[in-house]
2 protein chains.
Amino acid sequence: MRTADLPQIRSLRLFESMSESNFEALMQAAYLQTFPAQLDLISEGDPADFLYVVVEGCVELYARSNGRESTMGMIRPIGTFILAAVLRDAVYLMSARTFQKSKILLIPSENVRDTFEKDEAFARAIVLELAGCYRGVVKEHKDMKLRTSVERLANRLLRYHRDQGGNGTVELPYDKRTISSMLGMTPENLSRAFNTLKPYGVEVDGSTIRFSDIEALERLAKPNPLIDERSM
Amino acid sequence: MRTADLPQIRSLRLFESMSESNFEALMQAAYLQTFPAQLDLISEGDPADFLYVVVEGCVELYARSNGRESTMGMIRPIGTFILAAVLRDAVYLMSARTFQKSKILLIPSENVRDTFEKDEAFARAIVLELAGCYRGVVKEHKDMKLRTSVERLANRLLRYHRDQGGNGTVELPYDKRTISSMLGMTPENLSRAFNTLKPYGVEVDGSTIRFSDIEALERLAKPNPLIDERSM
DNA sequence: GGCTCCTCTTGATAATTATCAAGCCTGATT
DNA sequence: AATCAGGCTTGATAATTATCAAGAGGAGCC
């Protein structure tokens, strides 16, 4: 790995408080690679050989069964994926592919587990990260079990709106096919869900969404911090 | 806490490898209590004051939003719940109530976090438990996003069947209303899903289910280890 | 027994979501 | 400019799931 990249990695929450020597040893074993878009990184069922850290770009996690496929999440800098499989030395439960061209750090699983044993600060950071991922899935699962697809879309739009500054306009961060899969619906249904939201002041123009009545949208969406807040 | 209960607790995977002194200190701070059935233990949104360990009985995790409610999981001995909230010092994302009369160990969050720092073996056990819970939710989420309700029921029945010895008969572990909520459907729909499975050799007699054509059921269910296997 | 409560089931209907088949639009290519 | 491909939308229809209402059956109780 190029030494020029080290400070950037070191500043990630996962690594910033561990000892210098342990960090160096871990990086000695790791690879930092750039992958083109739409490249398969891992496949569900494979043994967890590496922990992945997305340094730049975006990675899509997805799962398959029965010939169906569903997007399970999008990982952006700085995020890890399949940490749980690495820690348990188990197989991956999800597949992953680059969504955009991405710079990714690969750390061999064994080194992650060894360092976890040796470095208390790293162990603490790992646990916080893992617990955060866990809570993320719980929220997704609640979203799925407690809401209709229109409600899921409305709440997702409100979240993007807040993330992007809340000035009445949102730029969709992914293409609509991907968003529909994230939300657990078909692309056709996403189109119709946008139409359903029109009376609530949601105007669609390609990947730009404009809101003319946020309050009406919120009344419909009934956002719930215990589902929609990323940080909670 | 009564000293008579200590050996039982000590033998739990979470505690068995930690140091004796740290275990004693942790237990000094903990409470072991027996609660009657259907008692609310925690409510989503509350700060995580305790880590809960189900020693005997059964606890239901559930979530609410929009006036809807859904069962998120059932915790049986020996299982923990809301570990992630405790570790992150955050609020609970799920509510919990006893399903049966249950004996539950309550450990103050702060002591869990302190001991996590002090005791490396405990930290390791915590991480394995947390990673296991995480993978459990991911599987539930895949189940929900990739399968219809009839498929979810078929696979759940096959899982119970395997757990109970696979002799062609299953005793449902919960009442049907609870099972329907776990599977993300209404009680009415569960009834109909059982009817749909009749041509596949599934015969319902109260809470006893008999299978006369497991292979047909498996062809319908298409079980997937990466969703249905508890241990993976 | 008779009563009551409760869960579960069934029927009728409605709402939600998926599927299939065009068609539209846009951006890239030639 | 013409062509083409891909993503998105729309319409028609079907499948899935939920809702509302009613009834069957069982367990507990007086």
Side-chain angles (χ1 to χ4, degrees), chain A residues 37-38 60 64-71 99-100 143-157 170-200 202-209 220-222, chain B residues 37-38 60 64-71 99-100 143-157 170-200 202-209 220-222:
Chain A
Q38 296 302 323
E60 178 184 5
R64 263 192 250 267
S65 198
N66 274 3
R68 287 164 223 158
E69 180 182 310
S70 188
T71 300
F99 187 73
Q100 309 160 351
D143 193 42
M144 196 71 195
K145 286 190 87 176
L146 292 166
R147 288 172 170 163
T148 66
S149 60
V150 172
E151 290 169 338
R152 291 199 295 280
L153 174 60
N155 281 294
R156 192 60 63 112
L157 291 177
V170 151
E171 192 65 21
L172 295 180
Y174 314 105
D175 60 303
K176 288 176 183 165
R177 193 186 49 76
T178 302
I179 289 178
S180 69
S181 185
M182 289 169 53
L183 294 176
M185 56 210 257
T186 59
E188 293 96 326
N189 230 359
L190 178 65
S191 266
R192 297 192 171 103
F194 271 120
N195 285 332
T196 307
L197 292 182
K198 205 173 282 180
Y200 299 87
V202 176
E203 185 194 334
V204 181
D205 175 14
S207 65
T208 304
I209 317 291
L220 171 76
K222 297 185 198 66
Chain B
Q38 296 303 325
E60 178 184 6
R64 263 191 250 268
S65 198
N66 274 5
R68 287 163 222 158
E69 180 180 311
S70 188
T71 300
F99 187 73
Q100 309 161 351
D143 193 43
M144 196 69 196
K145 285 190 89 176
L146 293 166
R147 287 172 169 162
T148 66
S149 60
V150 172
E151 290 170 339
R152 292 199 294 278
L153 174 60
N155 280 295
R156 192 60 62 113
L157 291 176
V170 151
E171 193 65 22
L172 295 179
Y174 314 106
D175 60 302
K176 289 178 182 161
R177 194 185 49 77
T178 302
I179 289 178
S180 69
S181 185
M182 290 169 52
L183 294 176
M185 54 211 248
T186 58
E188 293 96 325
N189 230 2
L190 178 66
S191 266
R192 297 190 170 104
F194 272 121
N195 285 333
T196 307
L197 293 181
K198 206 174 277 178
Y200 299 86
V202 176
E203 188 194 330
V204 181
D205 176 14
S207 65
T208 305
I209 317 291
L220 172 76
K222 296 185 200 64

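Chain letters run A, B, ... following the sequence lines, proteins first, then strands; residues in each count from 1. All figures in this text were calculated on a predicted structure; none of them were measured in a lab. Because only heavy atoms are used, hydrogens play no part in the values below, and waters and symmetry mates are left out as well, while side chains stay in.
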### Task
Apply side chain to side chain contact (heavy atoms under 4.5 Å, CB included) to A/Glu151 and B/Asn66, showing your working.
CA-CA 10 Å; A/Glu151 290 169 338; B/Asn66 274 5; 3.2 Å; yes

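- Neither OP1 nor OP2 of C/dT9 sits under 4.0 Å from any side-chain N or O of B/Asn195.
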### Task
Using a 4.0 Å heavy-atom cut-off, write out nucleotides 15-28 of chain D from 5' to 3' as B (base contacted by protein), S (sugar-phosphate only) or - (no contact).
--SSBB--------

### Query
Hey, mind stepping through A/Val204 and A/Leu197 against side chain to side chain contact (heavy atoms under 4.5 Å, CB included) and telling me if it holds?
CA-CA 10 Å; A/Val204 181; A/Leu197 292 182; over 6 Å; no

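- Spacing between atom NZ of A/Lys198 and atom C1' of D/dT10 amounts to 11 Å, rounded to whole angstrom units.
- At most 12 heavy atoms of other shown residues, nucleotides or ligands fall within 6.0 angstrom of atom CZ in A/Arg177.
- Here C/dT7 presents its P atom at 14 Å from CD1 of B/Ile179, a figure rounded to the nearest Å.
- There is a side-chain donor-acceptor pair under 3.5 Å between A/Thr178 and A/Asp175.
- When side chains are defined from C-beta on, A/Arg68 does not count as touching B/Lys145, because their heavy atoms never get closer than 4.5 Å.
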